[in-house]
Amino acid sequence: MEIPKQYDPKEAELHHYERWEQQGYFAPEINHNPDAPVFSIAIPPPNVTGSLHMGHALQHTMMDVLTRYKRMCGYRTLWLPGMDHAGISTQLMVSRELKKEGLTRHDLGREKFVERVWKWKSESGGQITKQMRREGASVDWTREKFTMDEDLSRAVREVFVRLYEEDLIYRGNRIVNWCPNDQTVLSDLEVLKEPQAGKLYYLRYPAKNGGGSVTVATTRPETMLGDSAVAVNPNDDRYRSLVGSTLMLPLTNREIPVVADEFVDPEFGTGAVKVTPAHDPNDYEMGLRHDLKQVVVIDEHAKMTAAAGASFVGLDRYKARDKVVEEFETLGLLDKVVDYEFSISRCERCKTVIEPLISLQWFMRMEPLRDLALGLMTREKKPQFVPEVPYEKVYTNWLENLRDWTISRQLWWGHQIPAWYTKEGEVFVARSLLEARAKAGTDDLNQDQDVLDTWFSSGLWPFSTLGWPEETADLKTFYPTSVLVTARDIIFLWVSRMVMMGKKFMNERPFDDVFVTGTILDKHGQRMSKTKGNGVDPLEVFDKFGVDATRLTLAQVGTTDTRWNEKQVESYRNFANKIWNAARFCLMNSEGAVVDPELLQLQEADQSLHDRWIVSRLNKTARDLRQSLAGYQFHEAVQTLYHFFWDDFCDWYIELTKAEVTAEEDSPQRALARSRLLSVLEQALRLLHPFMPYITEELWLRLPGVDQKLLHQSYRDAEPSIMLAAYPEGQSHLIDERAEFEMQAVIDLISRVRNIRSEMNIKAGERVPLLIGSPDKELREVFAANKNQISRLVRASEVSVTEKLDAPRASARAVLVGGAELAVPLEGLIDFAQERERLQKEREKLINEAAKLEAQLANPQFAERAPEEKVAEVRARLADIAQRTGQLKQSIENLG
RNA sequence: GCCCGCUUGGCUCAGUGGUAGAGCACUCGCUUCACACGCGAGGGGUCACAAGUUCGAAUCUUGUAGCGGGCACCA
């Protein structure tokens, strides 16, 4: 079989996914063990309008690593995919399309418009579902959900009705964030606060009865037309006498009172505040406290109303501002204008400046729900945030200060609020029109025109996707889910709401853990964003370096913010190629061999050192990986895999076993060595699979002897695939510390000889004799037993191992840890002065180190207070250094 | 304003109360029969700064500086 020298990711990425999906490997039903433990993840549903960006790729990689890992461990595994209808985004997108045709949504009317959105969805929505297949995401597409599906919509109505019946949802007139462009209300979380360079205007209001006046400072002069009071601090002596008096509001001829309120900061501005209850959240509260009139002077289009006066009506808010200032100046009532920086609220989507307006909306009362979430954290410490710092605190602090949630939106795309009104305006909240009619006792009902905030349905996601309110088998099996993997920016918008809703309606946490990923920044450390145009498209990276290499790069990001670094992907592309070529070597030498995990199940003294060693390393690696993944230590896991495969397996094991494996003649030894090599490779591929699904499947299927026996017992009937193979255990009885110690001695020996060859400029092809002296009998036996391997790897002409080193004067020498010595006779090649200098340098290094250790031991408090084993360790190290220093000294003297 | 995080070799990042790590970049040598997307050998960091705790601090505490982020109703 011909295997190309270079791995082509595209080839491997072409067919496996389709096969996995068709065979049903992603569905939990593939697991035939009725007692299998359960692992489940509900995907953070991407917007139906969205296309894949780095953040998705990052999260999906981590979720897929966990899912594939747990599946291989025999868990009944479900990673449930789906999408969010994304109310505003989607409506805007379709409206923009309409605009190209010269239409607005109002031209179509609500029903036609919504139809149009559904059409758009089926034709071009959900790009991400295709892109996720490319990523290799092992989600169960048969359970894919959309927040506007009928069953999920039913859950939304059910929740709405129940909360309404408990008085946790109410309708009322309150001041809200209004977007004059999108013509809808927004929740506090959907507005952005931005610093703004503006001006502070000092306006003077004359007293009603001649003489005095009060000057107020404001950033929004146009709202003065709606003022209904001026407030001062009750303890402010400057204004004490004015409290209760009446002012004449300029430009309007209205009389307004001066009131006293603790809210007012005497230090700011003039210490007197104009109060506009209808157009400022603070003033709104103050207005309620003092029973002030709400004078609405700005409408939902951010234009002035008739109440603003005949000369202002119809003016844009900013035009009105200029006009107010102008008129104050004319009247001599503008005291001054100063530059002032303040923060301004903008619509998250369209960046329009928010207008606070009083509006009739639906709200969710959060206190009781908040208490459920806080109680869950206090009593059960759920969910467990990873990393715990700072997210647990951020989450609980936010909950503690939570305010009621505006849940209605003036949109057409979304879950229409299940409330119906009679002609008289009486409201009936019901699960359906039929139920509403029954409740109202009339058929003459109109449904509320508003829809619910997108996040309302998202909050139900972990259970609505599993069939709630029906008590389905899926709901029983997969709820609560195991872990939520998400970016940090939706902890409030989404995570907290899922916890509250899950606790409320399932009486159970929605997930055990919340893993908060880091963020991928651009190379300058800036957030990637569409508007900045600095995003890196994951699909392009897939094309350039392969999906597996990209996944490895993303997995190692873990929880820290990382600048995008293409070099890193390239190095993992190289790693994939390394895997490919290691397998290529194994396969090129696989005649007469077969994968047999049993070969790796025993550690016996008569096996060669490198075989016992690689089994030990393999099991240690598996053990470490399991530990890393259990703690969501993705970076650590990637490093462990990389170094096991490249360093241990490729650099050492393959090289050490190469002689046996490539022997010309067929023999039982050769067959055994080949089978062993294949079996180690096979285990290594399993370890890698959750991170690099494509290359591992591609290679695994090519290995001789791969069949159902290798699958986890829960999947024994399935067609073989590495994704159903059992994840290596990491068995402690196969970890052989002695073998690792001995192998390390061999590795050190080989490295020192190579170092000598390099420093002495010995030609790569030239063979040199190697003399080893070791006073330690066991080490001597180790070196002797591995003569052939050592000889091969250092290109020695001969290797002799003796108790005492007996080398000619013209030799390059080195001293190893443990007192072994080696010499490479270099008659005619060696420069004595240079060699002396080389050894002297090394000796000085050791002497410096010894001095530090001696100082440590000389401190009586060290011996007294440090733990015994630490002291013993330092003593042992010092003894070893002393011995080596002595040997080096001897070597130098021998050189003359 | 309040809170939080980060600061480790040229670059991107791990890590840890007890001898400083990786990848890339760099230097030298290699067409060694899996791989030049490779092999072998090297150089390079007083772990931002200061004080403290400790037998011992790059790691813990406090403060300072720089960078980044979150929260906040100051007109």
Side-chain angles (χ1 to χ4, degrees), chain A residues 3 5-7 193 200-201 216-220 223 231 263-265 267-276 280-286 340 342-343 387 389-391 393-394 397-398 401 488-489 491-492 519 521 523 525-527 545 549 553 556-558 560-568 570-589 633 635-636 638-639 642-643 650-651 654-655 658 662 750-751 754-759 761-765 792-795 849 852-853 856 859-867 870-871 873-874 877 881:
Chain A
I3 305 170
K5 278 187 174 189
Q6 256 190 25
Y7 170 55
K193 302 265 172 112
L200 196 56
Y201 303 85
V216 296
T218 181
T219 55
R220 298 198 61 194
T223 61
F263 168 79
V264 179
D265 174 5
E267 304 294 318
F268 188 90
T270 61
V273 186
K274 61 190 272 310
V275 184
T276 321
D280 180 279
N282 299 313
D283 294 4
Y284 175 79
E285 298 290 330
M286 241 191 293
Y340 180 65
F342 58 103
S343 76
V389 178
Y391 300 116
K393 200 171 149 193
V394 167
N397 283 354
W398 184 79
N401 299 310
R488 65 172 145 266
D489 51 359
I491 290 179
F492 307 145
T519 310
L521 308 168
K523 63 182 169 185
Q526 299 289 311
R527 282 186 85 91
F545 297 107
T553 310
Q556 74 156 10
V557 165
T560 39
D561 294 357
T562 305
R563 295 170 192 221
W564 178 251
N565 181 355
E566 198 176 271
K567 281 283 181 192
Q568 184 67 74
E570 188 181 326
S571 98
Y572 286 133
R573 187 273 314 264
N574 296 351
F575 180 53
N577 197 54
K578 187 75 179 175
I579 296 169
W580 181 259
N581 278 288
R584 181 166 175 263
F585 173 79
C586 299
L587 288 168
M588 277 167 33
N589 296 286
Q633 299 296 308
H635 186 279
E636 195 175 73
V638 171
Q639 293 302 308
Y642 185 90
H643 291 292
C650 293
D651 286 353
I654 289 183
E655 294 305 328
K658 199 174 252 179
T662 59
I750 291 169
S751 300
R754 285 170 168 175
N755 172 258
I756 287 172
R757 290 187 60 115
S758 182
E759 297 220 342
N761 295 315
I762 298 169
K763 290 220 165 50
R792 185 185 166 97
L793 294 190
V794 305
R795 315 200 121 223
E849 204 184 326
K852 276 190 216 156
L853 296 176
Q856 207 172 350
N859 182 350
Q861 287 177 313
F862 174 66
E864 227 170 86
R865 305 202 187 174
K870 271 293 166 235
V871 180
E873 194 186 303
V874 171
R877 250 166 59 206
I881 289 172

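Atom set for the values below is all heavy atoms of this structure, side chains included, hydrogens, waters and symmetry mates excluded.
Put simply, A:K567 has no side-chain N or O that comes within less than 4.0 Å of OP1 or OP2 on B:C11. For the pair A:R573 and B:C37, the criterion of a side-chain N or O lying under 4.0 Å from OP1 or OP2 is not met. Considering only side-chain N and O atoms, A:K578 lies under 4.0 angstrom from the phosphate OP1 or OP2 of B:C39. One finds a side-chain N or O of A:R877 lying less than 4.0 angstrom from the OP1 or OP2 phosphate oxygen of B:U19.
With B:C24, B:G18, B:A75 as the candidates, the nucleotide lying closest to the side chain of A:A866 is B:G18. Comparing B:C35, B:C4, B:C13 against the side chain of A:P390 picks out B:C4 as the nearest. If you check B:C13, B:G23, B:C3 against the side chain of A:K393, the one that comes closest is B:C3.
Sequence order on RNA chain B of the closest nucleotides to A:R220 and A:N397 puts A:N397 first from the 5' end.
Going from the C1' atom of B:C49 to that of B:A41 covers 38 Å, rounded to whole Å. Taking atom C1' on both B:C11 and B:A51, the two are 33 Å apart, rounded to the nearest angstrom. Taking atom P in both B:G68 and B:C13, one finds a spacing of 14 Å when rounded to whole Å.
The nearest whole Å value for the distance from the CD atom in A:Q568 to the P atom in B:A22 is 14 Å.
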Which atom pairs link the protein and nucleotides 40-42 of chain B when you take only N or O atoms and keep those under 3.5 Å?
residue: B:A41; atom: O3'; partner: A:N755; partner atom: ND2; Å: 3.1
residue: B:A41; atom: O2'; partner: A:S758; partner atom: OG; Å: 3.3
residue: B:G42; atom: OP1; partner: A:N755; partner atom: ND2; Å: 2.4

Distances under 3.5 Å between protein N/O atoms and the N/O atoms of nucleotides 70-74 of chain B, please, pair by pair.
residue: B:C73; atom: O4'; partner: A:N282; partner atom: OD1; Å: 3.3
residue: B:C73; atom: O2'; partner: A:N282; partner atom: ND2; Å: 2.5
residue: B:C73; atom: N1; partner: A:N282; partner atom: OD1; Å: 3.3
residue: B:C73; atom: O2; partner: A:N282; partner atom: OD1; Å: 3.4
residue: B:C74; atom: N3; partner: A:D265; partner atom: OD2; Å: 2.6
residue: B:C74; atom: N4; partner: A:D265; partner atom: OD2; Å: 3.4

_Under the 3.5 Å Watson-Crick or G-U criterion, the dot-bracket string of RNA chain B, with | for inter-strand pairs_ = (((((((..((((....[..)))).(((((.......))))).....(((((..]....))))))))))))....
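No side-chain donor from either of A:Q556 and A:Y642 sits under 3.5 Å from a side-chain acceptor of the other.
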